[in-house]
Amino acid sequence: MSLEIKIKRTTAPKAKPDQNSLGFGKYFTDHMFVMDYTEGKGWHDPRIVPYGPLELDPATATLHYGQAIFEGMKSYNTKDGRVLLFRPQKNMERINVTNERMCIPQIDVDFCVEAIKTLVKVDQDWIPSAEGTSLYIRPFIFATDAVLGVHPSHTYKFMVIMSPVGAYYPQGINPINIYVESNYVRAVKGGTGFAKTCGNYAASLRAQADAAKKGYVQVLWLDGVEKKYIEEVGSMNVFFKIDGEVITPSLEGSILPGITRASTIELLKSQGTKVTERRISIQEVFDAHAAGKLDEVFGTGTAAVISPVGELNWNDQKITINDGKIGECSKKVYDTITGIQSGKLDDTFGWTVEVK
Ligand code: COI
């Protein structure tokens with residue numbers, strides 16, 4: 001695909017927020033990327049325009065049936081003045097896996113990576129430099145047919161918006177507490193659990209809100225059939241270090257194939273740590289804790305980066321992990337991944353892509 005990306009710059013740039021109190025996803029840069037899809041014509045009219053609201057027909061299919069998907073990725077300023085993206089190709093490839101499941105047309109991976117690089121360049125001065133900050137990039141696609149029949153749309157919009165962010169959880173790198181959800185389920189095999197589609201997140205809100213009322217930051221989902229095996233946390237994949245071995249649930253169709261998850265596995269293996277992808281039950285985790293063998297628990301995600309878990313509550317049995325402190329393994333993975341992402345460490349894996 002070789003389309004020209006038209007650029008219309010804003011005439012009213014916004015004031016930049018304070019880098020030390022960004023929070024997550026509250027501020028948006030001056031521009032956004034938009035591209036349309038029309039059946040018979042394909043993706044067309046890629047453009048960068050000033051950030052602003054959309055006008056939608058009230059019958060727009062997405063608003064009714066949720067045929068919509070999204071991605072999350074980040075861009076960093078390095079100390080030596082470069083701008084880096086972390087594994088952007090992987091996010092665009094994952095869009096196509098999600099699109100396939102959601103009957104949304106495939107995108108051209110290389111073209112979309114180029115489009116994102118162009119957008120990042122246009123809003124380069126929005127990339128924060130304070131420790132722990134980055135520019136979060138949110139590509140998304142949604143159905144735009146204005147028809148009430150339930151069927152795949154014939155038209156779509158692909159958009160990218162960007163937000164300077166700090167830590168996803170207010171706790172930052174400090175361990176979070178997690179409620180193990182035994183009532184609601186997130187996904188089942190054959191469903192949409194592996195896809196990054198908006199409905200998965202909408203369906204998670206009830207449990208998330210109930211857990212928040214009990215004072216928990218996130219929920220840990222169990223499998224949708226037996227409510228026995230661990231799947232993932234609301235906004236991240238999850239890892240358990242038991243007796244020196246790192247275990248993470250295997251991808252069997254109901255779990256999001258996280259890019260930070262894959263990077264963590266590759267990194268730990270390269271450092272000689274034994275990493276196993278397999279089914280792991282919540283009982284096994286609690287048994288390991290009782291036997292004094294549960295060394296660490298941590299989550300991985302683009303937004304969450306590496307997030308240690310300090311407490312798990314399963315049916316009111318509470319366990320404290322590593323005295324509620326960040327563990328050695330989580331800290332090392334955090335330091336290495338954020339070091340590579342921000343250009344502080346050599347990228348021996350070839351994960352980063354420079355925006356020039
Ligand atoms: C991300 O980590 O980028 C995600 O998309 C998770 C999100 C729901 C904040």
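Given the structure is predicted, the values throughout are model-derived calculations rather than measurements. In listed order, ligands and their atoms are each counted from 1.
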Could you tell me which atoms of ligand 1, counted from 1 in the order shown, lie closer than 4.0 angstrom to a heavy atom of Tyr201? 8 (C)

Assess whether a salt bridge exists between Arg206 and Asp210, defined as any Lys/Arg side-chain N lying under 4.0 Å from an Asp/Glu carboxylate O. yes

Would you say the side-chain atoms of Arg186 pair up with the backbone N or O of Gly193, donor to acceptor, closer than 3.5 Å? yes

Counting only heavy atoms, which portion of Lys196 has something under 4.0 Å from ligand 1: side chain, backbone, both, or neither? side chain

Considering the heavy atoms of Arg138, write down every atom of ligand 1 situated less than 4.0 Å from one of them. 5 (O)

Tell me whether Lys14 forms a cation-pi arrangement with Tyr51, defined as NZ or CZ under 6.0 Å from the six-membered ring centre and within 45 degrees of its axis. yes

Among Ala304, Ala303, Cys198, closest by any non-hydrogen atom to atom 2 (O) of ligand 1: Ala303

Nearest candidate to atom 1 (C) of ligand 1, where distance is taken over non-hydrogen atoms, out of Phe70, Tyr168, Phe24, Tyr136: Tyr136

With sequence neighbours left out, write down each residue that passes side chain to side chain donor-acceptor pair (under 3.5 Å) with Trp126, or none if nothing qualifies. Asp30

Indicate yes or no: does Lys344 engage Glu131 in a salt bridge with an N to O separation below 4.0 Å. yes

